[in-house]
Student: 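Handing you a structure now.
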Amino acid sequence: MTALLSPESGADRVVPPSGFTASLTVFSAGAMAFLAVFAMALSLATSRLADRWGAELARSSTVRISAPEEQMAAQTAAVVAILQTTPGVRAARALTDAEQTALLEPWFGPDLPLDTLPVPQLIEVIEDADGFDPQGLRLRLQAEAPGAVLDDHTRWRRPLVEAANRLRTLGIMSLLLIAATTGAMITLAANAALSANAQVVSVLRLVGARDRYIANAFVRRFTLRALVGALGGTALGMISIALLPKASTAGGFLTGLGFQGVHWFWPLIVPPLAALVALIATRAAALRVLKGLT
């Protein structure tokens, strides 16, 4: 960081102030920063969605009763009675026809004739902090209400947790790949600039300039270019995220893609990280090329 914070006068002239290498460095850093912002947004949004679904399903279960119409009321009452005496069940209630119609409306429309269709009766079960024994409850239901089926949402929670963990891992891998790509592009640009200025480097060596002095010029110039490009890419990415539709129940996952609360500060680490990657990559490239020019 010394080369970046304390530039040495005259050494900057070794690095061309504009041209192909400058454009490549700024553009690659900006593009990678833009992609990093979207990778962060996707990872955080997916984690929020999985956490919300998991929390909603964690303490709730459903009993579905499929029985002939003349037995439906009796089995419903029997199941509710069983649930009210089951340890770990805080509350249990049968959903009304209006509530069941609302659940089916997104798939079948608002004019669903519920009274003419063999729709199962649903009973909502809310667990307490300790929870209940699902296997034991299934045995009781099977004995006293053969048409009742317990769904404790385990098969829904497990895929959500697995998906969240995999997407978090993919998000981290994406950010690492973006950082590696940024370093590779800046390394190519630094190598090109050093090769183009081989004669200038030779003259500087003749007048007593050390390789560290020459390398610092490239480190500072390319680090600043990467920082400027990353600032622009990050700003553009945050603006694009802010312009996306807001989260809504009807819109589902895609309208929830974005940052919320303190998560808006996460993209601010992208420009410093891009500058750090550029510093490390440029220094390594400069020292390697200068060693080869001896």
Side-chain angles (χ1 to χ4, degrees), residues 1-5 7-8 11-44 169-198 200-201 211-212 214-244 257-259 263-293:
M1 282 297 189
T2 304
L4 178 61
L5 299 177
E8 300 176 76
D12 284 353
R13 298 175 186 175
V14 177
V15 189
S18 61
F20 170 74
T21 57
S23 302
L24 177 61
T25 304
V26 174
F27 175 77
S28 60
M32 293 300 108
F34 183 84
L35 294 176
V37 171
F38 270 87
M40 283 185 180
L42 178 62
S43 179
L44 291 171
T169 303
L170 287 175
I172 295 173
M173 290 178 60
S174 298
L175 292 174
L176 292 175
L177 287 174
I178 289 171
T181 303
T182 303
M185 296 297 291
I186 292 174
T187 299
L188 291 175
N191 285 336
L194 280 160
S195 299
N197 289 269
V200 178
V201 170
D211 285 352
R212 181 179 178 183
I214 301 171
N216 283 347
F218 284 89
V219 170
R220 176 176 179 270
R221 182 66 65 84
F222 278 86
T223 301
L224 289 176
R225 288 172 180 172
L227 180 61
V228 171
L231 285 171
T234 301
L236 184 59
M238 294 178 70
I239 293 172
S240 301
I241 293 293
L243 294 177
L244 290 176
L257 179 61
F259 301 105
H263 290 166
W264 279 102
F265 290 100
W266 277 103
L268 300 181
I269 69 173
V270 173
L273 287 178
L276 179 61
V277 170
L279 186 150
I280 296 173
T282 307
R283 178 174 291 278
L287 294 177
R288 183 174 62 254
V289 172
L290 289 172
K291 185 178 180 180
L293 291 176

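All residue numbers in this chain count up from 1 along the given sequence.
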Student: Measuring only between side-chain heavy atoms, which start at C-beta, is L243 closer than 4.5 Å to I239?
Tutor: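 L243 reaches I239 side chain to side chain.
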Student: Which heavy-atom pair separates L227 from P272 by the least distance, and what is that distance?
Tutor: CD1-N, 4.4 Å
Student: Can you see which heavy atom on F259 is nearest to which on P267, and at what distance?
Tutor: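 Smallest interatomic distance, heavy atoms only, reads CZ-CG, 3.5 Å.
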Student: For residues L279 and R220, determine if any side-chain heavy atom of one lies less than 4.5 Å from a side-chain heavy atom of the other.
Tutor: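 No. Closest side-chain heavy atoms not under 4.5 Å.
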Student: Mind listing the closest non-hydrogen atom pair of S240 and F38 along with its distance?
Tutor: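 Nearest pair, atom of S240 first, then F38: CB-CZ, 3.9 Å.
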Student: If you look only at distance, which donor and acceptor atoms sit under 3.5 Å apart when one is on a side chain in residues 170-194 and the other is two or more places apart or in another chain?
Tutor:
from, atom 1, to, atom 2, distance (Å)
S174, OG, L170, O, 2.8
T181, OG1, L177, O, 2.8
T182, OG1, I178, O, 2.8
T187, OG1, G183, O, 2.7
N191, ND2, T187, O, 3.3

Student: For L273, what residues pass the side-chain contact (heavy atoms from CB on, under 4.5 Å) criterion, not counting sequence neighbours?
Tutor: I269
Student: Mind checking whether M238 and L268 have side chains closer than 4.5 Å, heavy atoms only?
Tutor: yes
Student: Considering all heavy atoms of both residues, which atom of A33 and which atom of A230 are nearest to each other, and what is their separation?
Tutor: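 Scanning both residues completely, I find the closest heavy atoms to be CB-O, 3.6 Å.
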Student: How about L231 and T234: do any of their side-chain heavy atoms sit closer than 4.5 Å?
Tutor: no
Student: About how many Å separate CG of L42 and CD1 of I241, when rounded to the nearest 0.5 Å?
Tutor: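 Answer for the CD1-CG pair, I241 versus L42, is 9.0 Å.
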Student: Among all residues two or more places apart in sequence or in another chain, which pass the side-chain contact (heavy atoms from CB on, under 4.5 Å) test with I280?
Tutor: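 I280: side-chain contact (heavy atoms from CB on, under 4.5 Å) contacts with L276.
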Student: Side chains of residues 25-32: which donor-acceptor partners sit under 3.5 Å, not counting sequence neighbours?
Tutor:
from, atom 1, to, atom 2, distance (Å)
T25, OG1, T21, O, 2.8
S28, OG, L24, O, 2.8
S28, OG, T25, O, 3.1

